[in-house]
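These notes are about the structure you will find just below.
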Amino acid sequence: MINQFLYAMLENRIELIHGDITKLSVDAIVNAANQSLLGGSGVDGAIHRAAGPRLLEECRSIGGCPTGEARFTRGYNLPAKFVIHTVGPVYYGGKHGEAEKLASCYRNSLEMAVINDCKTIAFPNISTGIYGYPKEEASKIAFSEVKRFLGENKTIDKVIFCCFDAENYSLYMHMLVSSGKN
Ligand code: AR6
């Protein structure tokens, strides 16, 4: 982990980390997957590499996942107990329901965490790599969905935004700091 920042609002239940999500010892990490759930590059590739081949086996048995929804598996060789696989939207300019689909990735992943009794959950910046979602817009959607969910649901102890790239980390940092001032 390179940097860490605790958001003082919502009882310190939001944390920002600059680092690799596959290294986090949390109940569940979220994977930015594709509809096949059979692996890929980016964070998806990193998660499958670190979890080992049994993750792919379990994913194969699920049979895919539509955009905006989420599926649950074990974490195998990962330090995280479970993986929540969600499929973010490919960004086609913003007029194709991308924002709503990205928001539902966060909502459905959090619902999945609650159903499976996960108290700590880490998100990557879904869709902001290969799927091309503009990082600042995506960060606002992620933050507002997580904030709303934590406000309504008290069973989750901590949500970590795990930013791999410095640009996302800096965007989230500014967003959290300025939101804390309001
Ligand atoms: N830990 C945390 N975040 C990471 C890591 C990591 N180890 N590696 C990359 N990121 P992407 P997408 C960040 O491309 O845009 C796959 O092939 C990265 O900096 O992984 O949703 C899937 O199979 C970026 O900000 O996912 C799909 O086909 C963020 O993760 C497609 O890519 C998301 O980038 C999904 O594209």
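Numbering of ligands and ligand atoms starts at 1, following listing order.
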Nearest protein heavy-atom contact for atom 26 (O) of ligand 1: which residue, which atom, what distance?
A32 CB, 3.8 Å
Run down the list I21, L37, I17 and name the one with the heavy atom closest to atom 2 (C) of ligand 1.
I21
If you count the atoms of ligand 1 from 1 in the order shown, which ones are under 4.0 Å from a heavy atom of D44?
22 (C), 23 (O)
So is G88 touching ligand 1 or not, going by heavy atoms under 4.0 Å?
no
Checking a contact table here: which protein heavy atom is nearest atom 25 (O) of ligand 1, and how many Å away?
T128 OG1, 2.7 Å
Take the angle between the ring planes of F161 and F143 and call it parallel below 30°, perpendicular above 60°, tilted in between.
perpendicular
Look only at interatomic distance and state if I126 has a nitrogen or oxygen under 3.5 Å from any nitrogen or oxygen of ligand 1.
no
Looking only at distance, does G129 have an N or O less than 3.5 Å from an N or O of ligand 1?
yes
At under 4.0 Å between heavy atoms, which part of N168 makes contact with ligand 1: side chain, backbone, both or neither?
side chain
My understanding is that we take every heavy atom of each candidate and find the minimum distance to atom 12 (P) of ligand 1. Doing that for A138, S139, S127, C162, which one comes out nearest?
S127
Check the pair V159, F149 against side chain to side chain contact (heavy atoms under 4.5 Å, CB included), reporting the backbone distance first and the verdict last.
CA-CA 10 Å; V159 172; F149 196 92; over 6 Å; no
How close do I126 and G88 get, counting heavy atoms only, and between which atoms?
CG2-CA, 3.7 Å
Hey, is E137 close enough to K140 for a salt bridge, meaning N to O under 4.0 Å?
no
Would you say V43 and ligand 1 have an N/O pair spaced under 3.5 Å apart?
yes
Electrostatic pair K135:E167 at N-O distance under 4.0 angstrom
yes
How close do C59 and L37 get, counting heavy atoms only, and between which atoms?
CB-O, 3.1 Å
Distance, nearest 0.5 Å, that separates OG of S109 from CD1 of I29:
12.0 Å
Which of the atoms in ligand 1, numbered in the order shown and given with their element, are less than 4.0 Å from a heavy-atom of G40?
17 (O), 23 (O)
Which heavy-atom pair separates R13 from N153 by the least distance, and what is that distance?
NH2-O, 2.8 Å
For atom 3 (N) of ligand 1, what's the nearest protein heavy atom and its distance?
F164 CB, 3.2 Å
Examine T22 against ligand 1 and note whether any of their N/O atoms are separated by less than 3.5 Å.
no
Atom 19 (O) of ligand 1 - nearest protein heavy atom and its distance:
D165 OD1, 3.0 Å
Between G132 and ligand 1, does any nitrogen or oxygen pair lie at a separation below 3.5 Å?
no
Would you name the heavy atoms of C162 and N125 that are closest together and state the gap between them?
O-OD1, 4.0 Å
dist S61:OG -> L56:CG (nearest 0.5 Å) comes out at 10.0 Å
The one among Y131, Y91, Y169, F123 that brings a heavy atom closest to atom 27 (C) of ligand 1:
Y131
Can you give me the closest heavy-atom contact between C118 and F82, atom names plus distance?
SG-CD1, 3.9 Å
For atom 33 (C) of ligand 1, find the nearest protein heavy atom and state the residue, atom name and distance (0.1 Å precision).
N125 O, 3.3 Å
I need the nearest protein heavy-atom contact for atom 16 (C) of ligand 1: residue, atom name and distance, please.
S41 O, 3.3 Å
For P89, the option from E100, E98, H96 that meets side-chain contact (heavy atoms from CB on, under 4.5 Å):
E98
Students should be able to answer this: which protein heavy-atom is nearest to atom 7 (N) of ligand 1, and at what distance?
D20 OD1, 2.8 Å
Please state which protein non-hydrogen atom is closest to atom 32 (O) of ligand 1 and give its distance, to 0.1 Å?
I130 CD1, 3.3 Å
